[in-house]
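Below: one structure, written as structure tokens.
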Amino acid sequence: MAEPKSELLQGTLHMLILKALERGPLHGYAIVRRIEESSDAFLRVEEGSLYPALHRMERRGWIESEWGASESNRRAKFYELTNSGRRQLREELAGWERTRTAIEGVLRAQPKGA
Amino acid sequence: MGWFESTARSEAQIEAEIRDELEFHLEQRTRELVEQGMGADEARAEAERRFGSVERVRQSCRRVQLGERIMLQRIQFVLNLVLIVAVGVLGWRYWQSNASVQDQLHKLSQLLEPRAALLAASAGPQPPHSPRPALERFKALKDPAAAAAWAEQMLAWESDAGPGAMNQGWHSVESPQVRIALLAPFVTRGGHGRAIEILHLAATDRDAEVREQAFRFLKSYAFQDFSGKPLSIYHEWHDEIGQKPLGDALTESAKRYAERLRAASGAPLVRELVLIESIDLEPAQVRGRDVLHDILWSGGEENLYNRAYRWIESDNTEIQFAGLRFVAHFPQLAEAISSSVLNVVLAWPWKSPALVVVACRALAACPQLPMETNSEVSLHLLRFCVENDTPEVRQAVGSGILERLWRLPSGSERGAAQWIAWWKENRAQFSDPKLLESEDARWLDAR
């Protein structure tokens with residue numbers, strides 16, 4: 001596996017977690033793996049910051065958790081998106097889109113007199 | 001997991017879940033690294049390195065999960081602190097205000113003292129105020145002389161507190177002589193409201209010598225010497241009154257009381273009460289107690305009728321005697337309950353002749369006798385006189401009731417033979433079949 005190349009941009013962890021959970025319940029390690037795989041191992045989630053973020057999101061009602069059996073039949077805590085989390089994901093994606101557009105706009109701008 | 005479930009879990013449970021979750025993550029990463037060819041220990045170390053500080057993450061998760069609880073605990077702590085401070089401030093302010101009131105009272109008393117002194121001076125010389133005896137010294141008394149002095153001091157102080165304290169500590173005074181020394185001043189001085197309680201303590205004392213002294217006091221003094229409420233001893237000593245020799249001592253004391261009353265008053269009612277009392281005291285304890293309770297202790301005349309009725313209807317012959325003698329002094333009362341009195345007459349021969357004599361004296365006091373029973377009662381009394389031909393019966397019945405009932409000439413000197421002769425001469429005057437067929441009429445006819 002290629003070594004991740006980049007840390008997450010600040011403020012994007014919640015969005016990436018929500019997006020990772022969009023396709024169904026996952027435990028914490030699987031969320032990390034999905035983010036890494038979806039980015040072709042480019043993005044690296046700081047594992048230590050994942051779990052406080054998950055718990056915080058759960059407190060906010062964006063996700064909910066339930067203990068279940070993992071693929072290795074080990075007891076694991078699975079997180080699932082709530083309706084509130086889906087709305088939050090849409091808002092986060094929209095915000096990200098605006099940010100990306102703004103950055104692209106800045107990057108496309110030609111220097112005066114060029 | 002919902003908010004409610006989350007808040008319902010204990011702190012220990014939440015911490016265990018966090019630990020499990022983090023451990024699962026590390027295990028998964030370790031397994032992945034092992035699958036990639038790394039040694040187990042090396043893989044675990046690498047997993048932990050990537051993860052960062054497990055303890056820091058655990059603490060972060062804990063703060064998120066328990067943040068509200070921690071906040072509530074802190075709020076509770078602060079509120080408790082505020083409450084304690086508030087109570088402290090209030091207490092301090094109360095103390096301050098109390099001190100202020102005390103100060104004002106002190107100033108007021110200083111202001112009034114000269115006026116009080118003036119008033120005292122205008123009222124003339126006052127007896128010296130006795131200091132309050134030290135109650136706490138009572139149990140520690142070892143010497144009879146000191147005990148007597150203590151009791152004298154208590155009497156001088158004129159308070160019921162002394163006997164109250166003695167009630168509580170009497171049995172803890174070791175020396176019998178000290179207990180006797182404590183007893184004597186209260187009893188021999190007389191008039192102390194609670195001397196009777198001290199006497200009771202002594203009369204039921206564990207030591208025979210003390211008990212004997214109490215009995216001697218009982219026999220030597222009348223009840224009112226011990227108590228402002230004569231005969232209350234019968235109430236207060238209910239459990240002991242049937243016991244010898246205490247019961248005998250009580251009876252002796254009651255007799256002294258009766259004698260004193262008899263000598264002191266000439267009023268018919270009091271005389272009669274004393275008479276009743278003395279009669280009922282002779283057989284002592286039980287009967288004396290009951291009768292005295294009814295007649296003397298209950299007091300008041302508002303229930304006189306009911307009480308007299310109850311005595312006369314009593315199964316106890318002695319109480320019937322007392323009741324009949326009592327109502328003889330109250331003509332209106334005797335008349336009101338004359339039917340009960342007549343029932344006593346008709347109860348002969350099942351009741352004693354002496355009782356009928358007393359009943360006749362009560363009837364003699366009535367201004368007007370119940371006419372509807374005249375014939376029956378008269379006939380019964382006639383038979384009674386014939387069968388009980390004694391001077392006492394002639395006096396009570398012959399010259400009183402019969403002549404009033406039948407308007408007979410004075411018959412105080414009539415004997416049995418004369419009554420029989422009278423019956424035979426006058427029988428024709430009676431036409432009532434019930435009367436003529438009665439047992440009494442048949443008995444008289446047979447004479």
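The sequence lines fix the lettering, A, B, ..., with proteins before strands; numbering per chain opens at 1.
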Output the distance between atom CD (A/Glu47) and atom CG (B/Leu26), rounded to the nearest 0.5 Å. 8.0 Å
Using a 4.5 Å cut-off on heavy atoms from C-beta on, say whether the side chain of B/Arg29 contacts that of A/Val32. yes
Given heavy-atom pairs under 4.5 angstrom as the criterion, report whether the side chain, backbone, both or neither of B/Glu27 touches chain A. side chain
A/Asn73 atom CG, neighbour heavy-atom count above 12 within 6.0 Å: no
Given B/Gln28 and A/Glu71, is the side chain to side chain contact (heavy atoms under 4.5 Å, CB included) satisfied, shown in steps? CA-CA 10 Å; B/Gln28 290 297 110; A/Glu71 54 275 17; 3.7 Å; yes
Can you tell if the side chain of A/Glu58 reaches within under 4.5 Å of the side chain of B/Gln65, non-hydrogen atoms only? yes
Quick one: pull up CD1 in B/Ile14 and NE2 in A/His55 and give me the separation to the nearest 0.5 Å. 10.0 Å
Side-chain contact test, heavy atoms from C-beta onward, threshold under 4.5 Å: evaluate it for A/Arg75 versus B/Phe24 and give yes or no. no
Decide yes or no for A/Tyr51 and B/Ser60: does some side-chain heavy atom of the first lie under 4.5 Å from some side-chain heavy atom of the second? no
Pairwise side-chain contact, A/Tyr29 with B/Glu21, heavy-atom cut-off 4.5 Å (strictly under): no
Measuring from A/Arg56:CZ to B/Arg63:CZ, what's the distance to the nearest 0.5 Å? 10.0 Å
Any non-hydrogen side-chain atom of A/Lys77 less than 4.5 Å from a side-chain atom of B/His25? no
Please find the pair of heavy atoms, one from B/Val57 and one from A/Pro52, that lie closest to each other, and give the distance. CG1-CD, 4.0 Å
Tell me whether the count of non-hydrogen atoms from other residues, nucleotides or ligands lying under 6.0 Å of CD in A/Glu37 goes above 12. yes
Under-4.0 Å salt bridge between A/Arg33 and B/Glu32: yes
Using 0.5 Å steps for rounding, measure from the OG atom of A/Ser49 to the CZ atom of B/Arg56. 8.0 Å
Okay, B/Arg62 and chain A: the region with an atom under 4.5 Å from a heavy atom over there is neither
Report which part of A/Ser72 has an atom under 4.5 Å of a heavy atom belonging to chain B: side chain, backbone, both, or neither. both
Over 12 foreign heavy atoms within 6.0 Å of CZ, A/Arg23: no
